[in-house]
Amino acid sequence: MGAGFRDEADTSTSTGAGASTATLERTETKPERSTDDGDADRFAHYVAKDKVMESRLTGRPVVALCGKVWVPKHDASKYPVCPECKRIYDQMMSMGR
């Protein structure tokens, strides 16, 4: 800052040389919302029940066995099971897990 120039965003009360504060504005961008659900949104996914309950309380997303990340909001019983989640689950059960 030059002598005698005061930035409008300057909130400092110091008169010392070079003591100022400037504010940077951050432009927030949001991804476009699509009306197409996509394949992963047409299925019920396998997630630990405690993680689903935690997500409903906190709003934090969960991760399904197939890797889908989302915040559960719909009744999963109304959708067919994700084939990839089912395959992974069946494989885990066959390994004795």
Side-chain angles (χ1 to χ4, degrees):
M1 302 228 173
F5 179 80
R6 180 178 168 93
D7 187 352
E8 288 182 14
D10 187 352
T11 59
S12 69
T13 57
S14 171
T15 58
S20 66
T21 304
T23 303
L24 295 176
E25 291 189 34
R26 178 176 49 167
T27 304
E28 201 169 308
T29 59
K30 294 183 180 182
E32 290 183 32
R33 297 191 106 173
S34 171
T35 56
D36 179 24
D37 284 339
D39 287 342
D41 293 330
R42 296 181 190 158
F43 296 111
H45 296 272
Y46 284 12
V47 176
K49 286 183 183 182
D50 61 326
K51 295 294 184 187
V52 172
M53 292 304 297
E54 180 182 331
S55 175
R56 291 189 183 206
L57 292 172
T58 65
R60 291 187 188 128
V62 296
V63 180
L65 289 178
C66 68
K68 176 179 171 59
V69 178
W70 84 108
V71 176
K73 295 180 182 174
H74 302 287
D75 180 4
S77 68
K78 295 181 181 181
Y79 299 90
V81 173
C82 167
E84 183 66 11
C85 280
K86 178 146 179 49
R87 183 190 67 75
I88 294 168
Y89 179 79
D90 289 344
Q91 186 177 27
M92 288 170 45
M93 291 299 110
S94 71
M95 294 171 38
R97 185 158 190 235

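What you are looking at is a predicted structure, and each value in this text was computed from that prediction instead of being measured.
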Reported SG-to-NE2 distance for the pair C82 and H45, which is rounded to 0.5 angstrom: 5.0 Å

Shared hydrophobic cluster, L65 / V81 (ILVMFWY, side-chain heavy atoms < 4.5 Å): yes

With sequence neighbours excluded, residues passing salt bridge (Lys or Arg N to Asp or Glu O under 4.0 Å) with R56: none

Minimum heavy-atom distance V71-G59, with the two atoms named: CG2-O, 3.4 Å

Can you name the residues that form a side-chain contact (heavy atoms from CB on, under 4.5 Å) with D90, not counting sequence neighbours? K86

Please find the pair of heavy atoms, one from C66 and one from I88, that lie closest to each other, and give the distance. CA-CD1, 4.0 Å

What pair of heavy atoms forms the shortest contact from A76 to A44, and how long is it? O-CB, 3.3 Å

Tell me every residue that passes side-chain contact (heavy atoms from CB on, under 4.5 Å) with P83, counting only those two or more places apart in sequence or in another chain. F43

Can you name the side-chain contact (heavy atoms from CB on, under 4.5 Å) partners of T58, sequence neighbours left out? E54, R60

For Y89, what residues pass the ring-ring contact (aromatic ring centres under 6.0 Å, His included) criterion, not counting sequence neighbours? Y46

Rest of the hydrophobic cluster containing W70 (Ile/Leu/Val/Met/Phe/Trp/Tyr, side-chain heavy atoms under 4.5 Å)? V47, V52, V62

Residue set satisfying salt bridge (Lys or Arg N to Asp or Glu O under 4.0 Å) with D50, at least two apart, ordered chain then number -> none

